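Written out below as C-alpha cells is the structure these notes cover.
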Number of protein chains: 2
Amino acid sequence: MRSKITLKDLAKLLNVSVSTVSKSLNGSPEISENTVKRVKELAELHNYSPNLTAVNLKRKSTGNIAVIVPNISNTFFAKVLGGIENEARKNGYQLITYITNESLTVEKQIMELISNGLADGVLMSVSAETQKSKNYEHIYRFTEYEIPVVLFDRINVDLSLDKVGVDDMQSIYNAVQYLKSKGLSKIGLVCSIGDLGLAQARIDGYKAAMSEPSIAFPEEFLIVSNDPENLKKQLSLVLENNVMEAFVTLDYLSTLLTSRVVQEKALNIPKDIKIIGYVNEDFAPFLWPSISYIDQHPLNIGETATKLLVKRIKEPQPKETVEKVLKTEIIHLDSTLL
Amino acid sequence: MRSKITLKDLAKLLNVSVSTVSKSLNGSPEISENTVKRVKELAELHNYSPNLTAVNLKRKSTGNIAVIVPNISNTFFAKVLGGIENEARKNGYQLITYITNESLTVEKQIMELISNGLADGVLMSVSAETQKSKNYEHIYRFTEYEIPVVLFDRINVDLSLDKVGVDDMQSIYNAVQYLKSKGLSKIGLVCSIGDLGLAQARIDGYKAAMSEPSIAFPEEFLIVSNDPENLKKQLSLVLENNVMEAFVTLDYLSTLLTSRVVQEKALNIPKDIKIIGYVNEDFAPFLWPSISYIDQHPLNIGETATKLLVKRIKEPQPKETVEKVLKTEIIHLDSTLL
DNA sequence: CTGAAAGCGCTTACAG
DNA sequence: CTGAAAGCGCTTACAG
C-alpha cells in the first residue's frame, strides 16, 4: 500500500503543529475558524483520511464487530448478515466475519483470535457441534475479557448472555394449530437439524399442539435425522403406512426433501398434502409448488442483535442479560392452498 | 473490553526490558535460551497475546482483506466466501466483508472506507449497477493507493485488474452442445441477470452454439428480463407458440422459475423439457424434479482468488495482470435424464 | 546477550 | 488560540 498523507505531513505543509491539525479536523472548538478552514481545505485537497489503525490504538478500540455464523449453506444466515451489515455500517463499525462450519474446534480457534483484541464485540450463532457437546467455556472467555457478546438465532442454549431470536416453539405451535384449524390431523414433522436447541424447541411446539386436546399421535410422525437418505426412507415409510395430510418441516433441507418425496409418491401438494416449512422469500415463491413458510425476518434479527451489541459496547454494562424474542409469521403460498 | 496484559507489564514482572520480551516472544536468535524460556512461561501463564492494532500500526499493514460481494440472495457468493475464508485464515488474514446489494453508490462508499487503510487487499465482485453504468473510477482509486485488487466471478468487465472466474461463454456453449448432441434443437435461454457482463458472455455462448452449423433460431427463444413476472410471461408465450425441448437458464431465479412455469403448463421435466441451469449442490438434488446444473466450483473460485491476492500483497508487484479462468462442469440430475 | 531509543499515526491533557 | 509532550502497544536498528 502506498503511504498516505499523514497529520504530520499536513502540519508541515501548513506550518502548524500536529495537535492543531488534529483538533481542526476533529471539530475541536479550541481552534480559530480561520485555521480550521485552512486545515480542512488542505486535507480535502490531499484527500486526507486518518489512519484507522492509529486511531484505534489510541482509543483502545478496534472499530470491529466480529460475526460468527455456523454455516452458509442456505441463505438464512446470509440474510441475517445483511441485517447486521446495515446496522453496523450505520454505527461506523466494520464487520469481521467467520464461518465455523458447525465445528466446535473452529469456533474455539476463532474465539482465540478475537480475544486477541480484534473486535469490540461479538455476534454469534453457536455451532451444532458446540450445542451437542455443551462445551461453552470458550464463549465465556469473552465475558472474562469483557468483550460483549450477543447470541442470535440459536438462542436455545444454556448460556446467560444477551440473545436475539424468535420463539421457535410458538412458531411451530402456531403452524400446527393452523393446520388443525383447517380440519387436518395427520400432521408429520420432518427435521434434519436435530442437534440444535432450536429444533428441540420446535419439536416441543409440535408436540404441544398435536397433543391438544390430549390426543396421542404416532411416534413415526416425528421424522428426525441428520442424514438426508435416512430422512427420505422414514418419510416414504410414513407416507406408505398412513394417509398423511400435512407436514411441518423444520429446515431448508427437510422442506425441499419433503416436497420432493411427496411428489415422487405421486401425491399432490396441496390437494393431498399441505406443507409449512422453513425456506425464505427468495426461493419459496419460485418452487413448484411454492412452499408456505415461516418467515423469521432474518434481516430484523440481524439488525436487532447488532443494535443491542452496539449499545453494550458503548454503554457501561448494566450486566443484566436481555433476551429479545421477535415475531414470526406464516406466509401462505401454494402448499397450504385449501 | 478489559485491558489485557501488555509487553510492558511482562517486562516489569520479569525485570527485563520491553525489547527483550518482544524479541523472546518473536523467536529472535539474539536472546539467550534461558531468558526466552522465562519470558515464554510468564506469557503463557498470563495468556499474553500481542495487541494486533499496535502490531499493525508498526508494520504499516492491517492484516485484513476486504471482501466485497454484490448480494447474498443465493448461496453462490456465500460459497465463494467460504473458500475465501479458508484461504485467508490459512494465511493469517482477517476478512472484512461488505455487501453492496448491487448498488454503485454503496460500492463507492465502501471504497472510501477501505482506502482509509482498513485492508491490505481487496477481493471484489462488481455490482450490477456498476457494470450497467460502466463507472469504474472508484475501483481504480485502489490502484492509485497501491492496494491490490482481485476481481472474482464477475470478470467480464473492462478493467485491467487481476481476475479469477470461470469461462462463462464456454460453459453455456458446452451445455447447449450437450443438449444438441442428444438430438434436441428447440432450446431456449432464460436469464434474469442481463445487466451482468457474465450474462452477456453466457448469451454469446448460447448464440454461438445455436448458430452452428449456421442455423438461425427464433429471437423469442432468448428470454431475458430482470422482472420475474415479465420472465414468466415470455416463458409462457414461448411454450405456447413452440414445442420447446430444452432450456438453459442462467441464474438461480430463472432456473427455479423455468422449472415452475414448465410444470404449471403440465409439461414433464425431463420427458418433454430438459433443463440445465445455475443452482448449486445444496439445492439442486432436493428439488422436484432435481435440476441439472453447471457447477462453477465456487469454493475453488474463492480460494484461488485469495491465493492470488495474498501473493500480490506479499510480493513486490510484477504489475502484469493475471486472469485465471477455472473449469466448470455439468452435473446431471433428473432434468437431463434421457 | 540485553536495553535505551526512536517511531508507526494518532489524540488529548496541559502549559503558555 | 496554539503547541510541546506523553502515550496507545508494539518492533527494530543501534549501542554497549
Side-chain angles (χ1 to χ4, degrees), chain A residues 1-40 42-43 46-64 92 115-120 145, chain B residues 1-40 42-43 46-64 92 113 115-120 145-146:
Chain A
M1 206 187 310
R2 200 182 64 179
S3 41
K4 295 177 25 175
I5 191 162
T6 67
L7 275 192
K8 215 188 190 176
D9 299 333
L10 289 178
K12 200 171 292 171
L13 288 168
L14 288 160
N15 259 314
V16 295
S17 76
V18 171
S19 341
T20 303
V21 180
S22 173
K23 286 173 189 164
S24 301
L25 259 20
N26 291 318
S28 159
E30 290 179 45
I31 310 295
S32 76
E33 226 177 278
N34 185 39
T35 309
V36 169
K37 196 171 152 236
R38 282 180 62 219
V39 171
K40 285 200 170 163
L42 195 73
H46 288 279
N47 230 309
Y48 170 79
S49 61
N51 177 318
L52 286 178
T53 308
V55 174
N56 287 334
L57 178 59
K58 189 68 203 171
R59 292 223 182 103
K60 292 201 168 212
S61 78
T62 65
N64 296 329
S115 58
N116 287 2
L118 266 174
D120 299 341
Y145 281 115
Chain B
M1 206 187 310
R2 202 180 61 180
S3 42
K4 293 177 27 174
I5 191 160
T6 67
L7 275 192
K8 215 186 187 177
D9 299 334
L10 289 178
K12 200 171 290 170
L13 288 169
L14 288 161
N15 258 315
V16 295
S17 74
V18 171
S19 341
T20 303
V21 178
S22 173
K23 286 173 189 165
S24 300
L25 258 20
N26 290 318
S28 158
E30 289 180 46
I31 311 295
S32 77
E33 226 175 278
N34 185 39
T35 309
V36 170
K37 198 172 149 233
R38 281 179 62 218
V39 172
K40 286 199 170 164
L42 194 72
H46 287 280
N47 231 311
Y48 170 79
S49 61
N51 177 319
L52 285 177
T53 308
V55 174
N56 287 334
L57 179 58
K58 188 68 203 173
R59 292 221 182 105
K60 293 200 167 209
S61 78
T62 65
N64 296 329
L113 269 175
S115 58
N116 287 3
L118 265 175
D120 299 341
Y145 282 115
E146 289 173 24

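The chains referred to below are lettered A, B, ... by the order of the sequence lines, with proteins before strands, and numbering in each begins at 1. Fair warning: this is a prediction, and the values are worked out from it, not measured in the lab. Scope of the values below: all heavy atoms of this structure, side chains included, with no hydrogens, waters or symmetry mates.
Smallest separation of non-hydrogen atoms from B:G63 and B:D120: N-OD2, 2.9 Å. Closest approach of A:L42 and A:L14 over heavy atoms only: CD2-CG, 3.6 Å. Between B:S61 and B:N56, the shortest heavy-atom distance links the atoms O-CB, 2.8 Å. Residues B:L7 and B:S22 share a closest heavy-atom pair of CD1-CB, 3.7 Å. The shortest non-hydrogen separation linking A:I5 to A:L10 is CD1-CD2, 3.9 Å.
Residues in residues 6-29 of chain A take part in these salt bridge (Lys or Arg N to Asp or Glu O under 4.0 Å) pairs, two or more places apart or across chains: A:K23-A:E30.
Proximity of residues 13-21 of chain B to DNA chain D (heavy atom under 4.0 angstrom from any strand atom) is restricted to B:V18, B:S19. Listed by residue number, the members of residues 48-58 of chain B with any heavy atom below 4.0 angstrom from DNA chain C are B:L57, B:K58. If you check residues 22-31 of chain A against DNA chain D, the residues with a heavy atom closer than 4.0 Å are A:K23, A:E30, A:I31, listed by number.
The nearest whole Å value for the distance from the NZ atom in B:K60 to the C1' atom in C:dG7 is 10 Å. The distance from atom CZ of A:R59 to atom P of C:dT12 is 7 Å, rounded to the nearest whole Å. In this structure, CD of B:E33 is placed 17 Å from C1' of C:dT2, rounded to the nearest angstrom. For A:K12 and D:dA4, the NZ to P distance is 13 Å, given to the nearest whole Å.
You'll find the side chain of A:T6 stays beyond 4.5 Å of the side chain of A:N51, heavy atoms only. Between B:V21 and B:Y48, the closest side-chain pair of non-hydrogen atoms is not below 4.5 Å.
Take A:T20 and apply the side chain to side chain donor-acceptor pair (under 3.5 Å) test, not counting sequence neighbours, and it matches A:S17. Partners of B:N64 under the side chain to side chain contact (heavy atoms under 4.5 Å, CB included) rule, at least two apart in sequence or in another chain, are B:T62, B:Q94, B:I96, B:A119. Partners of B:S28 by side chain to side chain donor-acceptor pair (under 3.5 Å), not counting sequence neighbours: none found. In terms of the side chain to side chain contact (heavy atoms under 4.5 Å, CB included) criterion, residue partners of A:K40 (sequence neighbours excluded) are, by chain and number, A:L25, A:V36.
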**Prompt:** Given Watson-Crick or G-U pairs with both distances under 3.5 Å, what dot-bracket string fits DNA chain D, with | for other-strand pairs and [ ] for crossing?
**Reply:** |||.||||||||.|||

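Phosphate proximity of C:dC8 to A:K8: present, with a side-chain N or O under 4.0 Å from OP1 or OP2. For A:T6 and C:dC8, the shortest distance from a side-chain N or O to OP1 or OP2 is not below 4.0 Å.
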